[in-house]
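Naming: A, B, ... by sequence-line order, numbering from 1 per chain.
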4 protein chains.
Amino acid sequence: MFATVESEVRSYCRGWPTVMRTARGAWVTDTGGHRYLDFFAGAGALNYGHNNPILKAAVLDYLASDGIVHSLDMATTAKQRFLETFSRLILEPRGLDYKVMFPGPTGTNAVESALKLARKVTGRETIVSFTNAFHGMTLGALSVTGNSMKRAGAGVPLAHATPMPYDNYFGGATEDFHWFARVLDDAGSGINLPAAVIVETVQGEGGLNAARVEWLQELARLCRQRGILLIVDDVQMGCGRTGPFFSFEVAGIVPDIVTLSKSISGYGLPLALTLFRRELDVWSPGEHNGTFRGHNPAFVTATKALETYWATDELTNETIAKSKLVRDRLDCIAATYDGICVRGRGMAQGLKFDQDGRAAAVCRAAFDRGLLMETSGPADEVAKILPPLTISESELTAGLDILAEAVAVTAA
Amino acid sequence: MFATVESEVRSYCRGWPTVMRTARGAWVTDTGGHRYLDFFAGAGALNYGHNNPILKAAVLDYLASDGIVHSLDMATTAKQRFLETFSRLILEPRGLDYKVMFPGPTGTNAVESALKLARKVTGRETIVSFTNAFHGMTLGALSVTGNSMKRAGAGVPLAHATPMPYDNYFGGATEDFHWFARVLDDAGSGINLPAAVIVETVQGEGGLNAARVEWLQELARLCRQRGILLIVDDVQMGCGRTGPFFSFEVAGIVPDIVTLSKSISGYGLPLALTLFRRELDVWSPGEHNGTFRGHNPAFVTATKALETYWATDELTNETIAKSKLVRDRLDCIAATYDGICVRGRGMAQGLKFDQDGRAAAVCRAAFDRGLLMETSGPADEVAKILPPLTISESELTAGLDILAEAVAVTAA
Amino acid sequence: MFATVESEVRSYCRGWPTVMRTARGAWVTDTGGHRYLDFFAGAGALNYGHNNPILKAAVLDYLASDGIVHSLDMATTAKQRFLETFSRLILEPRGLDYKVMFPGPTGTNAVESALKLARKVTGRETIVSFTNAFHGMTLGALSVTGNSMKRAGAGVPLAHATPMPYDNYFGGATEDFHWFARVLDDAGSGINLPAAVIVETVQGEGGLNAARVEWLQELARLCRQRGILLIVDDVQMGCGRTGPFFSFEVAGIVPDIVTLSKSISGYGLPLALTLFRRELDVWSPGEHNGTFRGHNPAFVTATKALETYWATDELTNETIAKSKLVRDRLDCIAATYDGICVRGRGMAQGLKFDQDGRAAAVCRAAFDRGLLMETSGPADEVAKILPPLTISESELTAGLDILAEAVAVTAA
Amino acid sequence: MFATVESEVRSYCRGWPTVMRTARGAWVTDTGGHRYLDFFAGAGALNYGHNNPILKAAVLDYLASDGIVHSLDMATTAKQRFLETFSRLILEPRGLDYKVMFPGPTGTNAVESALKLARKVTGRETIVSFTNAFHGMTLGALSVTGNSMKRAGAGVPLAHATPMPYDNYFGGATEDFHWFARVLDDAGSGINLPAAVIVETVQGEGGLNAARVEWLQELARLCRQRGILLIVDDVQMGCGRTGPFFSFEVAGIVPDIVTLSKSISGYGLPLALTLFRRELDVWSPGEHNGTFRGHNPAFVTATKALETYWATDELTNETIAKSKLVRDRLDCIAATYDGICVRGRGMAQGLKFDQDGRAAAVCRAAFDRGLLMETSGPADEVAKILPPLTISESELTAGLDILAEAVAVTAA
């Protein structure tokens with residue numbers, strides 16, 4: 001059915017050639033009854049696991065009671081409760097005076113709205129992005145995405161964007177922002193003053209490159225000094241993926257604009273947010289719209305997820321502890337073989353292999369052993385670990401054991 | 001809460017200043033217990049009404065049984081069943097040999113993927129769109145959208161698109177395609193051979209302009225003769241809104257590419273499809289991707305909606321009957337006053353008012369009387385009727401009575 | 001030598017396969033001593049004939065006396081005298097309060113500067129051009145040029161320009177500006193308010209399409225009412241080609257910006273001017289520059305040409321008389337055969353042939369008989385007559401006799 | 001007259017507020033009889049001095065004998081002789097198998113044609129340029145120019161170009177091509193494989209930055225290895241300005257495309273050439289055209305200049321000797337004061353001042369003392385010396401004396 005009817009654009013199903021039926025927590029079960037430990041978690045959309053029972057109860061209740069499902073941008077009780085909870089548990093404790101926008105329920109919509117807003121506020125056109133950035137597949141988001149195969153898919157030249165080297169792009173050989181700061185300060189550089197910089201604190205799709213705290217701080221300073229807006233795309237690394245709710249919290253910076261999606265609904269339901277400093281809210285009514293901006297079941301699970309996981313520091317602390325467990329095990333694997341190094345931060349880590357095709361072989365071997373993992377990076381050189389944050393330590397260890405075995409069997 | 005926390009970009013909630021709580025069929029209930037008859041239906045996303053009980057049972061069952069919710073583009077049983085059902089009930093009976101792509105769960109994602117594919121297949125860049133078209137808010141879709149306020153929101157020049165006059169743009173004063181065919185045939189016209197034409201059969205946002213069958217046929221012929229791909233954006237007019245499942249069926253044409261969203265899930269859940277002729281499936285794996293392409297609850301309700309409403313011609317026939325009822329009543333209102341005319345087709349009809357601001361006044365008066373309606377058109381000059389297709393005749397009549405009263409009280 | 005060393009881009013020399021040595025008035029002599037009557041006049045750059053003796057004396061004097069030749073945009077006596085003469089003989093008598101800019105010595109430089117200025121003054125990006133327009137080969141000028149072969153040469157998509165139908169594009173079947181005015185007045189048309197309209201009063205390269213006086217007036221009115229700048233590209237039709245100094249004088253309109261080149265130096269020396277209303281002079285010093293803006297020998301011949309030919313109405317009157325002679329003869333030829341019609345205005349007229357390749361065959365036959373003529377139009381369907389304005393009536397008649405014979409011998 | 005009639009865009013005349021009348025060799029005389037020593041030489045267009053008597057005799061003869069002046073791209077004896085001489089004296093001795101194109105008589109036309117050709121040959125769109133590059137004022141050339149004021153003049157976003165750091169941009173702190181090679185080799189860098197690189201060997205307008213020989217060689221290697229065309233813009237540095245005819249000869253590299261203008265006519269007459277490897281000559285006839293491509297007086301003086309100055313190595317050797325004289329004197333001045341350093345190569349050298357506004361003050365003081373000099377660089381921080389190559393040593397010394405005095409009197 002899939003090969004006959006579905007487009008050739010499908011990809012993950014090629015690496016995991018089976019049909020999935022049910023899922024719970026960190027486990028997915030296929031039609032043959034085989035269970036897979038999920039170290040991909042919907043590419044970061046399932047931070048609280050599949051069919052999390054607390055969220056499930058909330059959404060079943062809501063749907064059963066004929067709570068409004070689809071509401072465009074009308075006011076609804078579900079949205080009201082989400083906004084109230086998000087303000088109380090997320091924004092206020094962090095001192096973030098952000099307005100909240102629902103830009104359409106996918107990360108790429110959030111990014112498109114962020115770029116529009118930055119351009120409207122500043123009256124400038126250029127956006128600075130970074131090497132190996134991934135921000136989405138619609139034309140605006142694609143223009144700030146690095147992957148050449150995906151860029152070529154646009155079919156038109158991608159304009160109004162300039163990539164700069166991400167942290168450690170030169171292996172520490174040059175000073176941070178050497179190029180970026182220089183071209184901004186040189187009236188003859190040929191690079192216009194940008195409207196905004198868009199950055200991921202850890203590049204999930206780009207190969208698990210993790211920017212250092214000092215680099216992020218210096219980037220924020222550089223933007224502030226020159227009147228450039230700083231957009232943090234926290235679609236994949238937000239919602240606790242690296243520990244704190246926002247991935248930029250470790251750096252103590254306050255972006256001008258933040259995009260969230262993936263795990264914000266908590267249940268894998270489409271939802272996205274664009275957050276921005278109150279004084280940047282220059283939108284005209286309806287200037288950016290969309291049919292599914294009011295996806296109320298997602299508001300319901302999002303609210304319940306915030307109440308359950310973000311009223312205290314517990315999840316953050318657990319994530320940090322699990323991240324350390326992952327890091328130690330990966331360090332151990334990397335130390336055992338040549339040509340492997342560890343990448344990433346928090347619960348977004350992985351192994352980078354020098355050998356072409358090795359990361360894909362590792363993921364295949366893992367799948368054969370009941371573990372779902374994916375590659376990442378411009379040459380698919382990284383085997384990526386992105387488990388649910390709610391995974392148990394024993395599940396995590398079991399998965400890492402499989403990974404270690406997959407690395408072993410693919411060693412030359 | 002909304003004014004304090006939510007962005008100024010919100011719009012519908014301004015015309016309907018209340019907080020909605022529950023909904024069922026054609027009715028929405030606010031927190032004060034007031035009930036509103038819904039003549040907007042989620043801008044066409046709720047063709048089968050709010051919380052349709054048949055679909056509700058299906059989604060509750062699925063969620064309760066831990067059916068997989070979020071699956072990227074993995075194979076799942078829910079997707080498999082949807083593809084099978086869509087092929088059997090929609091594509092095969094209509095002789096459409098289309099591949100199905102899940103481009104991300106919003107109409108604008110579907111449009112972006114359609115434009116990319118057309119450009120890749122043809123190696124050309126320009127897309128021809130039509131005056132007063134609406135195709136979405138991301139940069140690619142926005143470039144083929146007519147509304148100047150929304151276009152200005154891009155903050156960058158919108159390129160690679162050329163608008164042509166939609167049917168009846170000159171009130172019948174010029175021959176169809178006079179300009180379009182001429183520039184294509186003139187090597188000195190300054191307009192490059194386009195990759196594709198994108199068209200709505202009825203322009204929902206653009207003022208309920210309905211293209212005649214002969215115009216659509218001639219457009220298809222013109223495209224075919226010159227090797228230009230024809231994209232029908234059926235996001236709002238598909239899924240039975242004008243009677244048949246696809247709005248272009250009345251013209252007997254077969255587009256090269258079709259976009260669907262809004263009512264395809266049937267329950268207001270985010271979902272979108274891009275359909276294209278089998279031989280156009282030149283996508284590379286992962287060339288267009290996105291996190292929420294595998295929104296399984298939406299597959300479940302979509303499948304159930306197809307089984308319930310599209311196994312026979314019944315819904316189509318009922319829609320045609322109700323459309324006639326609407327047309328007769330609107331004709332009657334328009335005949336009573338000067339400066340009003342009727343617009344649209346099927347269950348997407350409305351009244352166009354010559355007087356500035358009148359359509360908005362009518363919608364406000366309707367809201368005060370418990371009816372949800374919206375304006376449409378470049379100058380908001382049309383009061384639009386877009387009820388659920390499953391609305392009863394008595395509900396429809398009740399709503400039209402309110403509309404008649406709203407027109408009466410706003411007459412000078 | 002030419003085939004071996006010179007690029008394949010050369011074109012005129014292919015139709016006239018000989019090597020030219022000297023020239024005088026309307027005559028060119030090749031290395032074999034054959035004389036050709038020149039009905040092309042440097043594509044309109046030699047309105048006063050080759051090596052006009054009055055201008056020749058002036059330039060020889062100037063060069064002999066070590067007058068400064070190259071001066072960038074320094075002040076020189078030659079430039080001073082030119083500006084004084086141009087003001088006194090051209091601008092003041094016509095009540096034109098224009099500033100004069102030297103944008104670099106070619107028509108395309110003048111067009112580029114005009115587009116820049118229009119964009120700077122209005123803060124808008126789009127330029128409206130017309131079907132079959134020709135404005136030059138650099139990227140900005142090319143974007144407002146219609147010819148598809150030349151456009152494809154850009155190698156990048158040409159943006160920020162929108163073509164509109166030129167006068168009589170539909171053979172009188174539709175009202176003038178039906179499409180243009182409609183899209184400007186419709187906020188949903190998808191066409192942004194342009195910075196400027198650029199127009200040729202007669203399209204020399206585009207097939208000798210001559211806009212009617214009423215059409216030009218209506219265009220000027222349409223621009224004025226909507227705050228759109230009107231640019232007349234008078235590079236080919238200015239300097240008396242159609243009778244008056246500026247080709248737009250017959251319509252009594254005052255463009256906001258005018259470009260001049262080709263015959264402005266009078267002697268075939270590179271020179272170009274951009275003229276604009278005084279209040280539009282918002283240039284910063286050096287914002288548009290170039291090495292050959294101060295080509296003093298060209299100032300000298302330009303000044304002498306103005307003094308010689310534009311102190312009275314004599315040349316204008318003679319040109320009108322000769323134009324009538326040409327028109328009568330062309331009418332006569334066109335009446336003799338099917339599938340021929342007359343095009344153009346003033347001393348830029350020609351015959352349009354329905355039969356493919358016929359115009360080129362006519363030009364070849366003319367060359368064989370000692371007459372230089374070229375084709376024009378998107379399909380090279382027009383044989384174009386563009387003699388020096390100073391040609392004698394007997395020379396003109398001799399040339400037209402050859403043309404008549406060339407038409408006769410190429411008749412099927 | 002100038003302030004009243006000429007556009008505010010004029011610039012050089014503001015720094016040199018007088019009216020020039022005659023010129024000879026390195027001297028210019030104004031209407032008041034004051035003589036100025038010319039250290040600007042038409043921004044490099046007068047390498048053989050003003051009104052060079054040998055060239056003057058040739059052009060007077062040609063004009064007097066009614067040699068054809070204006071010929072579009074027809075074959076003429078003057079062009080034939082130029083092509084023959086250019087092949088014999090320039091191309092053949094250097095082993096350069098180039099085709100010659102006449103792209104219109106200005107540097108910016110040559111650059112536009114080079115970019116078009118590179119895009120056509122490769123089928124790619126992006127051009128890589130360098131920080132502080134200057135390539136011209138038309139839209140294509142402007143997109144590869146660095147100066148932000150000039151770029152802003154475009155009034156539209158400049159696309160399809162990416163700047164890279166020029167040699168020594170980081171003061172030697174990073175490896176050459178660190179950034180450029182890295183982004184080309186990284187499929188995720190966000191920078192597409194470019195069609196071509198365009199480079200000046202010494203950046204005349206950009207502040208007299210001189211690329212080292214090794215840097216140019218490495219650039220050529222990098223381009224060759226990756227199938228990127230190398231364009232050397234030799235408009236200002238060609239024709240012997242740095243010693244050899246082509247400025248790139250010192251590096252022993254063979255560019256794919258070369259642009260020449262400024263001093264190629266030798267007499268300050270507008271002329272430009274685009275040279276390219278024979279196998280790149282994929283132009284269609286007329287694909288790039290222009291009115292003044294056949295400026296025969298310029299062919300005549302160009303031919304005579306080649307015969308006079310390029311039949312032997314004499315001029316090259318003299319230029320190298322004079323360059324050393326200049327360098328020694330500039331080194332001496334720079335050593336005397338803090339905050340001054342020497343820039344450039346050959347007869348394009350200058351002093352860079354750390355202090356804001358100092359270079360302009362030096363040029364003003366020089367003018368007051370009868371020396372014409374200009375500033376250069378993104379902040380006008382360099383006082384530039386660009387004398388005729390034919391200047392005598394005593395004149396050169398006299399000018400350097402004035403410069404030394406101007407530096408002295410402007411010291412704080």
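In this structure, the portions of B:Pro157 lying under 4.5 Å from any heavy atom of chain A include both its backbone and its side chain. In this structure, chain A has a heavy atom under 4.5 Å from the side chain of B:His295, while its backbone stays farther away. There is no contact between B:Phe82 and chain A, counting heavy-atom distances below 4.5 Å. Using a 4.5 Å cut-off between heavy atoms, B:Thr31 contacts chain A through its side chain alone, with no backbone atom that close. Heavy atoms of B:Ala272 lying under 4.5 Å from chain A are absent altogether. B:Leu271 touches chain A through its backbone: at least one of N, CA, C or O sits under 4.5 Å from a heavy atom, while the side chain does not.
For the set B:Leu269, B:Val28, B:Asn296, the entry with the most heavy-atom pairs within less than 4.5 Å of chain A is B:Leu269. Between chain B and the options A:Arg119, A:Met74, A:Glu8, the largest number of non-hydrogen pairs under 4.5 Å is found for A:Glu8. With chain B as the partner, the residue from A:Asp97, A:Asn51, A:Val235, A:Val59 showing the most heavy-atom pairs under 4.5 Å is A:Asn51. The candidate from A:Arg278, A:Lys56, A:Glu84, A:Met101 with the greatest count of non-hydrogen atom pairs under 4.5 Å with chain B is A:Lys56. Options B:Ala43, B:Ala152, B:Pro105, B:Pro53 differ in how many heavy-atom pairs under 4.5 Å they form with chain A, and the most are formed by B:Pro105. Contact count versus chain B (heavy atoms, under 4.5 Å) is highest, among A:Arg10, A:Arg124, A:Arg293, for A:Arg10. When each of B:Lys120, B:Arg151, B:His50, B:Lys79 is checked for heavy-atom pairs under 4.5 Å with chain A, B:Lys79 comes out on top. The candidate with the highest count of non-hydrogen atom pairs below 4.5 Å against chain B, out of A:Asn289, A:Leu63, A:Thr108, is A:Asn289.
Between B:Phe299 and B:Phe102, the gap from one ring centroid to the other is short of 6.0 Å.
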Cut-off 3.5 Å, no hydrogens considered: what does the side-chain donor-acceptor table look like for residues 16-24 of chain B, sequence neighbours left out?
residue: B:Thr18; atom: OG1; partner: B:Asp30; partner atom: OD2; Å: 2.8
residue: B:Arg24; atom: NH1; partner: A:Asp66; partner atom: OD1; Å: 3.4
residue: B:Arg24; atom: NH1; partner: A:Asp66; partner atom: OD2; Å: 2.7

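Contacts between residues 110-117 of chain A and chain B, defined by a heavy-atom separation under 4.5 Å, are made by A:Glu112, A:Lys116.
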